[in-house]
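Fair warning: this is a prediction, and the values are worked out from it, not measured in the lab.
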Amino acid sequence: MTLPRNLIIFSSFLLVLISPSLADTSFRPKALVLPVTKDTSSLLYFTQFNQRTPLVSVNTVLDLGGLYLWVDCGNYVSSTYKPARCNSAQCNLANANGCTTACFGTPRPGCNNNTCALLADNTVTNVGTDGELGQDVVSLQSTDGSNPGRVVSVSNLLFTCAPSFILNGLPSSTQGMSGLGRTRVSLPSQFAASFSFNRKFAICLSSSKGVIFFGNEPYIIQPNVDVSKILTYTPLILNPVSTAAAFVQGDPSSDYFIGVKSININGKSVPVNTTLLSINTKTGFGGTKFSTVNPYTVMETSIFNAVINAFVKELADVPRVASVAPFKACFDASKITSTRLGPGVPTIELVLPNNVIWRIFGANSMVEVNDDVLCLGFVDGGANPRTSIVIGGHQLENNLLQFDLASSRLGFSSLLFGRQTTCANFDFTSKA
């Protein structure tokens with residue numbers, strides 16, 4: 001899998017490969033919408049769309065930095081499925097590696113000769129295997145930003161048709177993973193190419209329901225808050241070395257990195273080794289990225305210890321209690337006040353370029369492990385992780401994040417509780 005070094009505007013070549021099929025050919029959506037649900041057992045987020053002919057509802061785990069869509073093909077039935085033949089334009093677009101020439105048995109989705117192979121990467125368990133690159137119909141709803149609208153379809157969406165064992169470790173209700181990463185065949189890229197809207201998407205997660213928007217603003221969440229108007233922006237950084245479990249030398253990362261320069265707690269600087277905050281362009285180690293498959297933020301050991309120590313010092317008037325795995329700093333919940341922004345604890349600030357600040361308030365920093373105990377929701381990632389800081393799902397909840405691939409920038413809203421709304425408040429009731 002060799003990914004492109006430059007994220008370029010797609011040519012008509014891609015538009016031909018991934019074609020839209022619309023019930024009303026005069027209607028071309030400006031944006032699409034998908035629901036998101038949090039699995040309370042695994043703490044993973046999954047989304048739902050329709051695929052195949054006849055259409056089947058498919059649940060897939062949301063993988064923010066994932067390369068592309070992969071789906072279990074153990075029982076895949078569809079009259080419109082098409083394998084991608086070796087050396088075809090589709091294989092070239094997906095940078096597929098290898099060619100299957102000895103798939104025994106009756107041809108079926110996932111087992112066809114003269115088809116190119118593409119990795120199915122389970123980023124939860126860090127297990128990967130080759131699958132067949134295929135194409136099929138995918139159907140989902142358009143949106144005006146306020147409500148879902150007409151159903152539209154992509155007739156030839158590329159995905160990896162994977163063997164069933166790769167599902168191990170995912171919620172039993174899911175059939176694969178939806179990759180939203182920086183590749184030419186991730187879902188945001190294919191949807192943008194299909195409908196000729198801007199290469200951007202926005203995610204808004206919560207502890208229950210959430211939403212993904214593909215395409216242009218507005219992003220309106222009840223009670224009538226257009227979150228696109230309150231975003232703060234910072235550059236997205238391309239890591240030139242892949243952070244996937246398996247990759248080919250020269251692959252850049254499909255993950256989304258931002259340039260954290262320093263960390264403050266209650267406005268006071270935390271002493272950390274700032275070298276770790278930068279990406280080593282030769283090894284790809286270091287830096288800060290986002291993840292929806294990590295339930296909590298993971299930090300390199302020295303950064304983790306510095307943050308824990310500074311946080312505990314600023315919360316010295318609240319009694320500590322025994323640690324609850326995987327957390328280290330836990331507190332007597334009865335001694336912590338409640339505020340509009342969650343537990344009343346020190347604010348953690350990620351300082352970004354041009355003194356832009358990402359503020360992590362109590363609702364995102366603290367985890368209620370039981371009625372009596374609140375823990376700081378950060379996890380020790382060890383002494384030499386590939387990425388120094390991985391901002392996990394809990395820290396992203398009820399913050400809308402817009403990933404603008406064409407402009408290579410991130411827009412973020414800060415905690416929506418301050419606007420008296422949440423990411424669960426998008427109105428999925430279609431207008432008449």
Side-chain angles (χ1 to χ4, degrees), residues 32-78 81 108-110 119-129 131-132 134 136-141 148 151 153-154 157-181 186-188 190-191 201 203-214 245 291-296 367 392-394 396-398 422-426 428-430:
L32 310 173
V33 66
L34 284 175
V36 178
T37 303
K38 186 173 185 178
D39 178 66
T40 55
S41 177
S42 66
L43 305 182
L44 296 169
Y45 307 90
F46 64 90
T47 189
Q48 184 181 72
F49 51 83
N50 292 321
Q51 188 193 38
R52 312 170 200 181
T53 303
L55 289 171
V56 174
S57 179
V58 177
N59 291 336
T60 55
V61 172
L62 191 64
D63 187 2
L64 181 58
L67 298 164
Y68 30 68
L69 171 69
W70 66 262
V71 173
D72 168 31
C73 280
N75 295 296
Y76 194 105
V77 177
S78 174
Y81 175 84
R108 57 176 175 77
L119 181 72
D121 187 7
N122 184 330
T123 54
V124 176
T125 60
N126 289 321
V127 173
T129 188
E132 178 178 273
D136 211 340
V137 174
V138 166
S139 174
L140 68 166
Q141 287 182 295
V151 173
S153 298
V154 179
L157 190 123
L158 289 164
F159 71 103
T160 301
C161 200
S164 298
F165 77 85
I166 198 67
L167 290 175
N168 291 339
L170 302 185
S172 59
S173 62
T174 60
Q175 294 88 50
M177 300 187 78
S178 283
L180 307 180
S186 67
L187 291 185
Q190 293 199 64
F191 289 151
F201 69 98
I203 64 169
C204 206
L205 309 175
S206 84
S207 60
S208 55
K209 303 294 183 180
V211 60
I212 313 173
F213 300 96
F214 298 95
S291 171
T292 52
V293 298
N294 286 91
Y296 306 105
V367 177
H394 183 73
L396 301 180
E397 288 181 357
N398 295 302
T422 76
C423 287
N425 283 354
F426 180 75
F428 273 100
T429 304
S430 295

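- Under the 3.5 Å distance criterion, the side-chain polar atoms of Ser139 are left unmatched by any main-chain donor or acceptor of Asn50.
- No side-chain heavy atom of Val154 sits under 4.5 Å from any side-chain heavy atom of Gln190.
- Thr40 is linked by a side chain to side chain donor-acceptor pair (under 3.5 Å) to nothing, counting only residues two or more places apart in sequence or in another chain.
- Counting heavy atoms from C-beta on, the side chains of Val36 and Ile203 never come closer than 4.5 Å.
- With sequence neighbours left out, the side chain to side chain donor-acceptor pair (under 3.5 Å) criterion links Asp39 to Ser42.
- In this structure, the separation between CD1 on Ile212 and SG on Cys423 is 11.5 Å, given to the nearest 0.5 Å.
- Contact of the Trp70 side chain with the Asn122 side chain is registered, since non-hydrogen atoms from C-beta on lie closer than 4.5 Å.
- Among residues at least two apart or in separate chains, there is no salt bridge (Lys or Arg N to Asp or Glu O under 4.0 Å) pair with a member in residues 47-67.
- Applying the ring pair (Phe, Tyr, Trp, His ring centres under 6.0 Å) test to Phe213 and every residue at least two apart in sequence or in another chain returns Tyr219, Phe426.
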Output a table of donor-acceptor pairs, distance under 3.5 Å, between side-chain atoms of residues 159-171 and any protein atom two or more places apart or on a different chain; print 'none' if there are none.
residue, atom, partner, partner atom, Å
Ser164, OG, Asp72, OD1, 2.7
Asn168, ND2, Phe165, O, 3.2

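- Counting only heavy atoms from C-beta outward, the side chains of Gln175 and Asn59 approach each other to under 4.5 Å.
- Counting all heavy atoms, side chain and backbone alike, Gln48 lies closest to Leu34 at O-CD2, 3.2 Å.
- The side chain to side chain donor-acceptor pair (under 3.5 Å) test applied to Ser178 returns Thr60, not counting sequence neighbours.
- The minimum heavy-atom distance linking Phe46 with Thr174 is given by the pair CB-CG2, 4.0 Å.
- The closest side-chain heavy-atom distance from Leu140 to Phe191 is below 4.5 Å.
- Side-chain contact between Leu180 and Phe214: present, with at least one pair of heavy atoms (C-beta onward) separated by less than 4.5 Å.
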Item to complete: Verify side-chain contact (heavy atoms from CB on, under 4.5 Å) between Tyr68 and Leu157, making sure each step is shown before the conclusion.
Response: CA-CA 10 Å; Tyr68 30 68; Leu157 190 123; over 6 Å; no
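- Applying the side chain to side chain donor-acceptor pair (under 3.5 Å) test to Tyr81 and every residue at least two apart in sequence or in another chain returns Glu132.
- In this structure, Leu43 and Lys38 have side chains that are in contact, with non-hydrogen atoms separated by less than 4.5 Å.
- A distance-only check finds no donor-acceptor pair linking the side chain of Tyr76 to the backbone of Arg108 [under 3.5 Å].
- Formation of a donor-acceptor pair under 3.5 Å by the Glu397 side chain with backbone atoms of Leu205 is not found in this model.
- Residues passing the side chain to side chain contact (heavy atoms under 4.5 Å, CB included) test with Thr53 are Ser78, Ser79, Thr80, Val137, sequence neighbours excluded.
- Checked against side chain to side chain contact (heavy atoms under 4.5 Å, CB included), Asn294 has the following partners two or more places apart in sequence or in another chain: Ser291, Val298, Val390.
- In this structure the side chain of Leu69 reaches within 4.5 angstrom of the side chain of Phe49, judged on heavy atoms.
- Partners of Lys209 by salt bridge (Lys or Arg N to Asp or Glu O under 4.0 Å), not counting sequence neighbours: none found.
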